[in-house]
Structures are given as structure tokens and as C-alpha cells.
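Notes for the one structure printed next.
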Amino acid sequence: MSPTSETAQGGRRLVIVESPAKAKTIKGYLGPGYVVEASVGHIRDLPNGAAEVPAKYKGESWARLGVNVDADFQPIYVVNHDKKDQVKKLKELLAESDELFLATDEDREGEAIAWHLQEVLKPKVPVRRMVFHEITKDAIREAVANPRELNKKLVDAQETRRILDRLYGYEVSPVLWKKVMPRLSAGRVQSVATRLVVERERERIAFRSAEYWDLTGTFATGRGGDASDPSTFAARLSAVDGRRVAQGRDFGSTGVIKDGSPVLHLDEANARALAAALAETSFAVRSVESKPYRRSPYAPFRTTTLQQEASRKLGFGAKATMQVAQKLYENGFITYMRTDSTTLSETAVQAARAQVTQLYGADYLPDKPRTYAGKVKNAQEAHEAIRPSGDRFRTPAETGLSGDQFRLYELIWKRTVASQMKDAVGNSVTVKIAGRSADGRDAEFSASGKTITFHGFMKAYVEGADDPNAELDDRERRLPQVTEGDALTAEEITADGHATKPPARYTEASLVKELEEREIGRPSTYASIIGTILDRGYVFKKGTALVPSFLSFAVVNLLEKHFGRLVDYDFTASMEEDLDRIARGEAQAVPWLRRFYFGEGSEGVAGGAADAGNGDGDHLGGLKELVTDLGAIDAREVSSFPVGDGIVLRVGRYGPYVERGEKDSEGHQRADVPDDLPPDELTVEHAEELLAKPSGDFELGTDPVSGNPVIARDGRYGPYVTEVLPEGTPKTGKNAVKPRTASLFKSMALDTVTLDDALKLMSLPRVVGKDAEGVEITAQNGRYGPYLKKGTDSRSLETEDQLFTITLDEALAIYAQPKQRGRAAAKPPLKELGTDPVSERPVVVKDGRFGPYVTDGETNATLRRDDDVETITPERGYELLAEKRAKGPAKKTAKKAPAKKATAKKATAKKTATKATAAKKTAAKKTTAAKKTTTAKKTAAAKKTAAAPAE
DNA sequence: CAGTGAGCGAGCTTCCGCTTGACTT
């Protein structure tokens, strides 16, 4: 089976790995006769959208999914657009080779990539699967000498995973579009990640703080001290008359002492009284307890731990960490950075040990190399731990690196070296001090310290803590050398108040850690998971904290109520078990998918992630059933959250708002809630404030004529100005007075519009004059821009300025012209494409509301994403038209369509605005508005500016 | 969520995981 060295010398072999950087390294190890090239990741995948679905499947009901759910979930694969060139290159290289080695990673995805390569390249020469877990000369040579066969079962497991993710994502996301907001998304990973963040916020909202007090005493030994024997030290009150004093951990999340705990809860008065009663007390050491301390080094980095430490020590976000690591990897400074393994190769262990001896001395080197057992449950261990590359580690100084790359390398280097050093050992000491108060109570204080007698690995590396206030476990704290019975004097005794704090929000790093522990996501995706939930507007960053939006509350609420099993925290872990069974040949992919998608009763495997339903009773409905009948999902209900006092927070298509009372009823109130208001800050009081003064208003001044205040705000149809009528003005009924309102011109923005502008705008419509028949002509600003109106006859104006300047003669001249039927019709076609072979009509490309489209005057078809006005050929035009004709005229609820369109469009604009806002927060505070700035964008930016004038 | 008039082609959004450049801001 294995190729002998004789045959190796003869032919030429093509070795395909996943990463170009890896290809480069391996090339050097294999020498002549081997051509090493990269696949650059996956080369084929399910079609992304309709545009990528091959023509022959278009029109199939399942084409949208890219998986034929009616035929054993047969997937449609297409070569990724950006991989076409690479595939071509691989084909060419293969044509010149006598043997093909598929050397992709040895994990589920790698096996699948190998299989796809085989399917696409269709090799006519012998194919071998070769695997290695570390990139060292020996490992590579051994891998070449010991190839194996492709593991089709493992490929099946990957394909099942892929299909499940597609079905989940592409079936559940549209539910959110219909019930919450367009363009939202749901997925096995992102939805659980979002749920974690939401659930933490719920805990924070429900949290009730508790106040508790204690005393801190500063005690003196009466000796002159030094660093190893300080003369004074601080100790905290730990017990009174033998009863332990309550600390933060004794309180539950409701703000009361946990059940049945006999602790003494001190309030401020009690604490101060006790402090006073201890003022004259003489103290003595009651006990000294010393315990040995031992700490082992941390395992070498894997992706998640690197992200966590880079966040804590260097302040990098997950994405930044991976980008810097990628550069280090590409330039040969470190091993692969997307790994779930903490294993070091033999070479690496030797290199680390050599460096320990050289830098710290043999005393710091353990007798045997240290090994670290995998802690990650679903680890696939295709790579080594992240470490400095090579068989001799370069010290940071030797690398010549600088900036972030230097800092990250140094972190990796230190951690790797430290992982092969001895334990740190020392003592931890607890000293208890006692004294009797003036009123006869026994007060016990306690202090603990730690001395390190041998630093071991700490010489090289100390891990950072998530909570900067928490005392580092590794840090030393020295207490004076006291013994039982020693007299101490209290220099000062102070009463300190404390409050329990709600659980901290997730940070990027802590969320990634949580996901890894729950087996959700993979090393290559952790950073992008954060990116996805940020992009969707499910979370936003406040400092380093990830704060869920109200939108995410609505989405998670819907998913929990109607897709409970899918957002169960164990869903992925359970799926992984099932996939492992498929990989071992103990389960079949198709029945498993059938059960997931079509539900129980459609032949299936027992238990596991294939139970898609919400777990109600015994019936386990399939995903298909859940997304088909949406009548049970009350959109209003899932996006409503009571705030208290009759106020409800709702998540609407245009963002969150608070509301009191029913619409159109007496006392109905409604106000926008800023997109970036942390949900736990929306108290009843805050909601009342918002209702009292709708947010987003720009007060422009007072109309000198009416005396009414004039404000600018963002509305349903974009930014507008309006006057605030005095209290008591009837708003409904016969005598209703409507405030004058007017949309801003396109050239204006909410944050820059002036009172003069507003007054001018509100003076519209302007009467231009009357025509010969005495019909009044007015100039108005409308949805489609400035226009003239005479009865029911309206004509567009070219500029907004004309509204104020156009004369009657000019207006009459416009009306003398025949009416233009729409502005689009007036525009010349962008391109002519000759005559359509079917309709025999001339085909042209036009620019419409939805972008460029081809038309023969009868059938219209929008250009697809890959089409371009400049390069489109007549043939492609005919093809698009033919496709369109085949599909037949799209006739839906034609009447309702316009309103719906406007809504959807608007929502999109706002969505973009949210994004722009988020981007603005992270990036510099430049005015990035630039050319394409929509009105909505400007509005959002304006809101932000208004909210934070300190900038 | 304010309410102002015409005429008109829908198509697409979305998942997770594997990899880098090629793009623009």
C-alpha cells in the first residue's frame, strides 16, 4: 500500500493541503518530486442563494435551500466563486502528476475537503489520503510513507452537519423576517450565542442588590518591618461572637441572605457602632494557619485561550487577535492559530525545555516533559497547540518583530516556555486576630497571605484575570511573621459598605470561552460568531462588554417559545454525539436528517439533536412543520416586554419603543428607545422619562409668529420638522388642530437643520398663482421630491429651491408641456442589447428603482448580482428574459404590495443606519457619512452626536 | 411611529466551517 522510495523517485506527486503557508513549509520538507499546493480551505459548498443555484434546479421548491429535501437530502454543490481559479490551477497541476496526495487536515472538515477535491478534480492517477498533526520534517515524511484511504463515513458526518446548519439557518431566518424584521438571521451557533448574552442580561435585570457592611482593621506588630516582614497589615472582620459576618457570596440574586445561612448581616449603623466599640480594644493573634501552596503552569495556547489572554493582557478583540496571529503564522513565527489542541510536538517540547534551561537554569526544568490532556470535549486535534514555530524557539527579541505582532508573539512564547517549567510552590497563610469590644463582644478579624518559595513557571508567565479587581491567584501577598498570642494594636478600624453586584456581562473572550465549553462553534469561527451577532444588531459593545439589544430579546424570545429545542444549550453537543455515531457507522445520515426536518414518525434515530421541536409533550415535530404553520407565532406578543406601571417595551420594525395604553385610546403614549440603551437600564423611571419627552427630538427654537416650539425628528417617512402645539389643543375630534409638519429636503440633515429652514419648510405648500381657468397652482415637497400641483395634475420640479422661486409663468410653461410619464421613462436606456430571439422585440438595459434591469418592453428581469451593466452580453440579456418568462408573471397581493414595499425599504434603511452607528462607535469619530449617506444614516449619526455631546 | 402625488421589473435577505487575498473605508 505505501509507496516505496523507489517509486517516489520516478514520478511526480501532487500534495494538496488546506493552507498556502502550510504548503510552503511542507514543500521544504518533501523536496523535489513533490509539488505542494493549497486548496485554500473548502472549494465547494451549497449554493449561497438563488443566484448560485445551477439552472437545472431552478424552479424546484427546494432550490432555495440547495438541498433536495424530497430526495434523501441530496445536497447541491457548487464550486465557490472565489475558488474557481484555484481549482483550475489544481487541475492543471494534477494533469502533470502521477499521484495525488490529499493532505488536508485530519478532522471532519478536512476529510470533507479531501473528498470534494477528489470529486471535483476527478483524478485518473492513484489517490492517497495523507494526514499529520504537526508540521515537522519527521511527521511529514512519516505521513507520506503511511497514507490511508479516504474515510467516507467521516465525510458523511460533515455533510450531515452542513445540511443541518443550512436547513436550520435558511428555514428559521425567514421566520424572523416575517415576524420580527427583515434580514435577521438564526443559526445553530449564533442563536445560542445570542441567547447566552440575553439570558445574562435577564439575570442582571432580575438582580436585586444587597447592601452589607464590615470592618477593616489596620494592625501593627510594633516591630520595624521590611519587605518580608511588614510592620502593619490589613485584616477584615470575619466573625462576631463566633458568628460569621456576611459577605457578598452569602447573598442570592434577590438581595437576601441565602436560605438558612446563619451569618450575621451587618448594616451601616451596626458596623459603625462596632467599630466605635473596638476603638480602645487590644488585639492578639488567635491563630496562624499555614498551608502549602502549589500551582502548575497553564497549558499551551489553543485558539480560545489565546483569544482570552490576548484580550486580558493586550486588550485585543477576538478578530484582532486572529488577524495578528495569521500574520505571525504566514511569516513562519508561530504554528497554526486555529486549533483546539494543547498538545506540543516532541520537537516543540524539546525546544521549550532547552530554552527553560538556557534562560532560567536547570532548577526550573521538570524531570519529565509536561503533557496537557485535552480539556475540550469535541476537540478534533488536527493541529498542535499554538506555539513558536521551529525546533528552536526564537526569543521575542530575536524575531525582529514590533508592535502588536511582537506583543502577541511574546505572549505565545512565554506561555509555551512556561508550560514546560516546574510548579510554583509556597505557603498560604491565614492569620486570625481577636479582641473584645467595649460592649463585651468578641470580634475576630482575618487576613490571608501567600508566600512563594519557588516561583517555577511564574518566572515566565502569570495568567491574567477576567475581573481586574480580583486578586490574582498567582500574586504574592506577604503577612508579618506572627505567632499565636502575639499582641497587636489596631491603628485604625473603619466601617466599609458593600453592595452585591449583578453577574457581569459577557466579553468577547468570555463568550467564546463559554461557547467552547458548550462545544458550540469551532476555532475557525469563534471570532466571526462575535462578528455575526454584532452585525445583526443582536448585541453591541459597551467598552469590552457585549450588551444585548432589545431586538435580540425579541428574537430569543421567539426562538425559545417556538423553536425551543433548536436553541437548547445542549443542541450542538447532542448533534456532535450523533455525528460521531454517523462517523463511526453506527447511525445513518438520511434518517437522522429526516427526523430533524420532517419530525418523528418519519423513521429516525432515537433522541439527540434531531428532535427539532419545542419539546412540548411527546410529539416531536420536525423543523419543516414548525416553519410552515406560523399562525401560532404572535409577532406582537413575542416582541413585547412589560416594563412595569402599564408600560410595555416593544420591538418594532423600526426599532424598540415604549408604549403605554392602547393605540388611539385616551392617554396613549409612545416613545422611541435608543438602540444602544442597555436593557437592564430600562427601568420604569427611565421609561417614564422617555415617554415624557420623546427621544430624538432636536429643538430648533420658537416660531416667532405662533409662539409654538419647533422641533425636528425622525419619522416614518424620514426626517421632518413640526411644531409643538400648546397643551390642551384638541388632537382628535371635530375641532382637531393638526400641527404643521414638513419633510426635510434631501440636502438637509436632522442635526444641522435650523429654525429658519424649518419655518421655510413649514410655509409650504406655496401658492404660485392661478392658471387661465382660475385653478390654483401650488408648489409642494413630497415623497418623490419637489412638485407642482394643480388640482389632480402634478408635475415634478427639478430642484427643491424652485419651490420658493418658481414664478407663475414658469409653472404655466411646465404645465404647457405634455405630462412626463414617470422619471424613469424619461431616462434613456443604459444599453441596447439587440433583438430578443423569442419576442423579437428590442432589448434594452434600464435603470429602475431596484437597480438595472433588462426589458423587451413586455418582460422585465432584474440583473443578477454577478451581472454588470458594462459587461453584460445580449445573450445574457435574452437568457434573463427567458428565465423570467418561464417563471411566469409574479402575481401576489398586488394591491397591498406598494405599502409593504415601502415598509421593507424603510426597515432596510434603518438597519443600515444601526450598522453605521455601531461602526462609528468602534472606529474613530470621523464623519464617515461621505457620498452614499442616506437620510436615515444621517439621522442615526445625528442621534448619536446628540446623545454624546462630550465628543 | 407624520400623511403628500405619479407610476412601476422584483429579488434577495439567511446558515456553519475551511481558507486567503482583493477589495474599500
Side-chain angles (χ1 to χ4, degrees), chain A residues 18-21 38-43 45-46 48-51 64-65 80 82-83 86 104-105 107-110 112-113 158 161-162 164-174 176-177 182-191 326 330 338 521-525 528-529 532 536 652-655 657 659 663 670-672 694 713-718 720 722 738-739 741-743 764-765 780-784 787 789 792-796 819-825 846 848-851 853-855 859-862 864-865 884 889-890 897-898 901 904 908 919 923 926 928 930:
Chain A
E18 290 181 37
S19 150
S39 73
V40 199
H42 272 291
I43 54 156
D45 193 12
L46 302 175
N48 223 334
R64 171 181 79 76
L65 300 170
N80 299 2
D82 56 340
K83 297 292 163 56
Q86 192 63 19
T104 50
D105 297 347
D107 55 20
R108 207 161 60 206
E109 297 298 327
I113 293 173
Q158 189 277 343
R161 197 275 312 152
R162 180 69 191 90
L164 175 130
D165 282 331
R166 167 53 63 90
L167 295 175
Y168 185 143
Y170 273 37
E171 290 286 29
V172 180
S173 297
L176 299 180
W177 305 343
R183 286 169 186 274
L184 295 179
S185 61
R188 174 175 58 81
V189 171
Q190 60 167 292
S191 293
Q326 175 87 27
E330 282 171 12
R338 291 184 276 260
R522 301 283 311 140
S524 67
T525 61
S528 61
I529 294 166
T532 300
R536 295 284 169 274
R653 302 223 135 200
Y654 317 107
Y657 60 96
E659 190 171 44
K663 195 166 182 267
R670 202 211 283 270
D672 267 339
R713 64 161 69 134
D714 200 16
R716 169 74 182 71
Y717 301 108
Y720 69 104
T722 187
K738 292 208 165 166
T741 61
S743 286
L764 293 171
Q780 312 193 22
N781 187 32
R783 186 177 162 199
Y784 307 103
Y787 68 104
K789 185 176 152 110
T792 57
D793 193 4
S794 62
R795 303 294 169 91
S796 286
K819 189 177 168 86
Q820 294 282 328
R821 288 184 56 83
R823 275 182 291 174
K846 287 187 171 183
R849 271 202 317 187
F850 307 114
Y853 64 103
V854 287
T855 178
T859 309
N860 303 310
T862 306
R864 300 299 151 81
R865 214 175 20 197
K884 188 67 199 301
K901 271 177 207 165
T908 314
K926 262 187 284 178
T928 48

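We name chains A, B, ... by the order of the sequence lines, and we start the count at 1 in each one. All heavy atoms count here, side chains included; hydrogens, waters and symmetry mates do not.
- Residue L176(A) contributes atom CG, which lies 12 Å from atom P of dT14(B) at whole-angstrom precision.
- The residue G41(A) sits close to a base: some heavy atom pair falls under 4.0 Å.
- If you measure from atom CG of L46(A) to atom P of dC15(B), you get 14 Å, rounded to the nearest angstrom.
- For the residue pair Y853(A) and N860(A), the shortest heavy atom distance occurs at CE1-OD1, 3.8 Å.
- Side-chain atoms of E330(A) lie closest to dT20(B) of the nucleotides dT14(B), dC12(B), dT20(B).
- Between G169(A) and N860(A), the residue anchored closer to the 5' end of DNA chain B is N860(A), taking for each the nucleotide with the nearest heavy atom.
- For V40(A), taking side-chain heavy atoms from C-beta onward, the closest of the listed nucleotides dA2(B), dC15(B), dT20(B) is dT20(B).
- Using a 4.0 Å heavy-atom criterion, one finds that S173(A) contacts the bases of the nucleic acid, with or without backbone contacts as well.
- Atom-to-atom, CZ of R183(A) to P of dG11(B) comes out at 16 Å; the value is rounded to the nearest Å.
- At a threshold of 4.0 angstrom between heavy atoms, the contacts of E109(A) are confined to the sugar-phosphate backbone, with no base atom among them.
- For the pair R188(A) and dG17(B), the criterion of a side-chain N or O lying under 4.0 Å from OP1 or OP2 is met.
- Atom-to-atom distance recorded for R64(A):CZ and R166(A):CZ is 9.5 Å, nearest 0.5 angstrom.
- Close to dG17(B), at under 4.0 Å from its OP1 or OP2, lies a side-chain N or O of T525(A).
- Between the base of dC16(B) and the side chain of R161(A) there is a donor-acceptor pair shorter than 3.5 Å.
- Note on A112(A): nothing from the nucleic acid sits closer than 4.0 angstrom, heavy atoms only.
- To the nearest angstrom, P of dT14(B) lies 9 Å from CG of N48(A).
- Side-chain atoms of R162(A) and base atoms of dC15(B) include a donor and an acceptor less than 3.5 Å apart.
- You can call W177(A) stacked on the base of dT13(B); the centres are under 5.5 Å apart and the planes sit within 30°.
- Following rounding to the nearest Å, Q780(A) (CD) and dA6(B) (P) show an atom-to-atom distance of 12 Å.
- Residue Q158(A) is classed as having no contact, given no heavy-atom separation below 4.0 Å to the nucleic acid.
- Within the nucleic acid shown, R166(A) comes within 4.0 Å of at least one base atom, counting heavy atoms only.
- With rounding to the nearest 0.5 angstrom, the CZ atom of R338(A) is 12.0 Å from the CZ atom of R522(A).
- Which of dT13(B), dC18(B), dC15(B) sits closest to the side chain of T532(A) comes down to dC15(B).
- A186(A) comes within contact range of the sugar-phosphate backbone alone, with a heavy-atom separation under 4.0 Å but no base atom that close.
- The nearest whole Å value for the distance from the CZ atom in R653(A) to the P atom in dT13(B) is 17 Å.
- Listed candidates were dC16(B), dT14(B), dC18(B). Nearest to the side chain of Y170(A) is dT14(B).
- Put simply, CD1 on I113(A) and CD on Q158(A) are 8.0 Å apart, with the number rounded to the nearest 0.5 Å.
- Distance from the side chain of A51(A) is smallest to dC12(B) among dT19(B), dC12(B), dT13(B).
- The existence of a salt bridge linking R162(A) and E109(A) is excluded, since no basic side-chain nitrogen approaches an acidic carboxylate oxygen closer than 4.0 Å.
- T855(A) comes within 4.0 angstrom of nothing in the nucleic acid, heavy atoms only.
- Under the 4.5 Å side-chain criterion, counting only non-hydrogen atoms from C-beta, R653(A) is in contact with P182(A).
- Applying the 5.5 angstrom centroid cut-off and the 30 degree plane-angle cut-off, the aromatic ring of Y720(A) is stacked upon the base of dA2(B).
- R338(A) has its CZ atom 9 Å from the P atom of dC18(B), to the nearest Å.
- Between the side chains of R536(A) and S185(A), at least one donor-acceptor pair of N or O atoms lies under 3.5 Å.
- If you check every strand for non-hydrogen atoms under 4.0 Å, Q190(A) touches sugar and phosphate atoms only.
- Note on G110(A): nothing from the nucleic acid sits closer than 4.0 angstrom, heavy atoms only.
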For side-chain contact (heavy atoms from CB on, under 4.5 Å), just list the numbers for I43(A) and Q86(A), CA-CA rounded to whole Å, side-chain angles, deciding distance to a tenth of an Å, and then say yes or no.
CA-CA 8 Å; I43(A) 54 156; Q86(A) 192 63 19; 5.8 Å; no
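- Taking atom NZ of residue K83(A) and atom P of nucleotide dA22(B), one finds them 14 Å apart after rounding to whole Å.
- Residue contacts shown for P174(A) include a base, since a base heavy atom lies under 4.0 Å away.
- D45(A) comes within 4.0 angstrom of a base, heavy atoms only.
- When distances are taken from the side chain of P20(A) to each of dT19(B), dG17(B), dC15(B), the shortest belongs to dT19(B).
- Of the listed nucleotides (dT19(B), dC15(B), dT13(B)), dT19(B) has the atom at the smallest distance from the side chain of S19(A).
- In this structure, Y168(A) reaches neither bases nor backbone, as no heavy-atom distance under 4.0 Å exists between it and the strands shown.
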